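For reference, positions follow the sequence shown, starting with 1. Just so we're clear, the structure is a prediction, and the values are computed from it rather than from any experiment.
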Amino acid sequence: MTKLNVNGRAVSISASPDTPLLWALRDHLKLNGTKYGCGMALCGACTVHMNGEPIRSCSTPLSACAGKNITTIEGISTNGLHPVQKAWVEFDVPQCGYCQSGQIMSAVALLNKNKKPTDAEIDAAMSGNVCRCGTYQRVRAAIHKAAGVVTNVKVEA
């Protein structure tokens, strides 16, 4: 039994200690917002926060999470009104949408540490998140918006 805190709630998960956190979240806790992408921590679709830091849940064993605070996409806002989520909608960031929970989780982690990131800082923080649709300019513009930065970024459709 592994005990951890998920989205502010103490939980116990009965699974093998080497089970990836992703599958514990999805299969045991029915938190399906976190997506499986590559299974090798390369694409970022499975990004969640562990003690405030973005991690790849597909490659993080449950044993590494014992006693830790885990935040998933479901935990950043109960009503979808987190500033990053609102900016995502305003800038029409998602196309297929598959990578978006991981993208949002990385963006939230960035803004929790850096309230006014530069383009270079955004690019560095988001570099581990792959978007097949290529909405990177929209991602950057949405992060600036969520940070309260007025930008002259023109987002092409």
Side-chain angles (χ1 to χ4, degrees), residues 1-115 117 121-136 138-140 142-143 145-147:
M1 200 60 99
T2 303
K3 295 181 182 193
L4 55 151
N5 183 304
V6 179
N7 298 332
R9 185 173 60 104
V11 298
S12 295
I13 299 173
S14 179
S16 173
D18 62 348
T19 299
L21 175 60
L22 172 67
W23 301 118
L25 294 170
R26 290 181 61 82
D27 295 345
H28 294 269
L29 300 179
K30 305 304 181 202
L31 294 170
N32 295 319
T34 305
K35 304 298 181 205
Y36 174 81
C38 66
M40 300 182 296
L42 300 172
C43 74
C46 67
T47 303
V48 299
H49 299 169
M50 183 162 61
N51 290 346
E53 294 295 321
I55 63 162
R56 304 303 188 245
S57 63
C58 72
S59 63
T60 303
L62 195 53
S63 61
C65 304
K68 305 282 175 54
N69 293 313
I70 305 299
T71 305
T72 68
I73 189 74
E74 294 91 347
I76 64 167
S77 171
T78 58
N79 59 7
L81 294 179
H82 186 282
V84 172
Q85 291 171 310
K86 287 169 58 175
W88 243 244
V89 171
E90 181 178 336
F91 282 85
D92 293 321
V93 174
Q95 282 188 19
C96 83
Y98 198 81
C99 68
Q100 295 310 303
S101 63
Q103 296 270 4
I104 289 170
M105 294 305 290
S106 290
V108 168
L110 167 64
L111 293 176
N112 284 343
K113 289 184 177 181
N114 183 346
K115 301 298 182 201
E121 291 168 331
I122 291 170
D123 293 347
M126 301 302 290
S127 66
N129 293 85
V130 177
C131 175
R132 290 180 182 176
C133 302
T135 64
Y136 300 110
R138 292 177 186 182
V139 166
R140 187 189 298 152
I143 292 171
K145 173 70 176 192

Could you give the distance from CD1 (Ile70) to CG (Leu25), rounded to the nearest 0.5 Å? 7.0 Å
Side-chain contact test, heavy atoms from C-beta onward, threshold under 4.5 Å: evaluate it for Lys35 versus Tyr98 and give yes or no. yes
Atom CG of Asn114 and atom CD1 of Ile122: how far apart are they, to the nearest 0.5 Å? 8.5 Å
Could you check if a side-chain atom of Ile76 sits within less than 4.5 angstrom of a side-chain atom of Ile73, using non-hydrogen atoms only? yes
Less than 4.5 Å apart, side chain to side chain, heavy atoms only: is that true for Gln103 and Val93? no
Check: Leu22 main-chain N/O paired with Tyr36 side-chain donor or acceptor under 3.5 Å: no
Taken to the nearest 0.5 Å, the spacing of Met50 CE from Asn69 CG works out to 10.5 Å
For Glu121 and Pro117, which heavy atoms make the closest approach, and how far apart are they? OE1-CA, 3.2 Å
Would you say Arg138's side chain and Asp92's backbone share a donor-acceptor pair under 3.5 angstrom? yes
So, do Ile143 and Val84 sit near enough that their side-chain heavy atoms are less than 4.5 Å apart? no
Is the backbone of Lys68 close enough, under 3.5 Å, to the side chain of Asn5 for a donor and an acceptor to pair up by distance? no
Report yes if some heavy atom in the side chain of Trp88 is under 4.5 Å from a heavy atom in the side chain of Thr135; otherwise report no. no
Under 4.5 Å between any side-chain heavy atoms of Glu74 and Asn7, yes or no? yes
So, taking the atom named SG in Cys131 and the one named CD in Gln95, what distance separates them when rounded to the nearest 0.5 Å? 7.0 Å
May I ask you to decide if Leu81's main-chain N or O and Ser77's side chain share a donor-acceptor pair within less than 3.5 Å? yes
Lys113 bridged to Glu53 by N-O distance under 4.0 Å: yes
Using a 3.5 Å distance criterion without hydrogens, assess whether the side chain of Asn129 forms a donor-acceptor pair with backbone atoms of Gly102. yes
Does His49 use its side chain to pair, donor to acceptor, with the backbone of Ile55 at less than 3.5 Å? no
Can a donor-acceptor pair be found, under 3.5 Å and without considering hydrogens, that links the side chain of Arg26 to the backbone of Thr34? yes
Within the structure provided, determine whether Cys96 and Arg132 are in side-chain contact (heavy-atom separation under 4.5 Å). no
Any donor and acceptor pair, going by atom type alone, linking the side chain of Thr47 with main-chain N or O of Pro54 inside 3.5 Å? no
Flag, side chain of Arg56 to backbone of Gly128, donor-acceptor distance under 3.5 Å: yes
Is a side-chain donor or acceptor of Ser12 paired with a backbone partner of Lys3 at a separation under 3.5 angstrom? no
Rounding to 0.5 Å, atoms CG (Asp18) and CG (Leu62) come to a distance of 9.0 Å
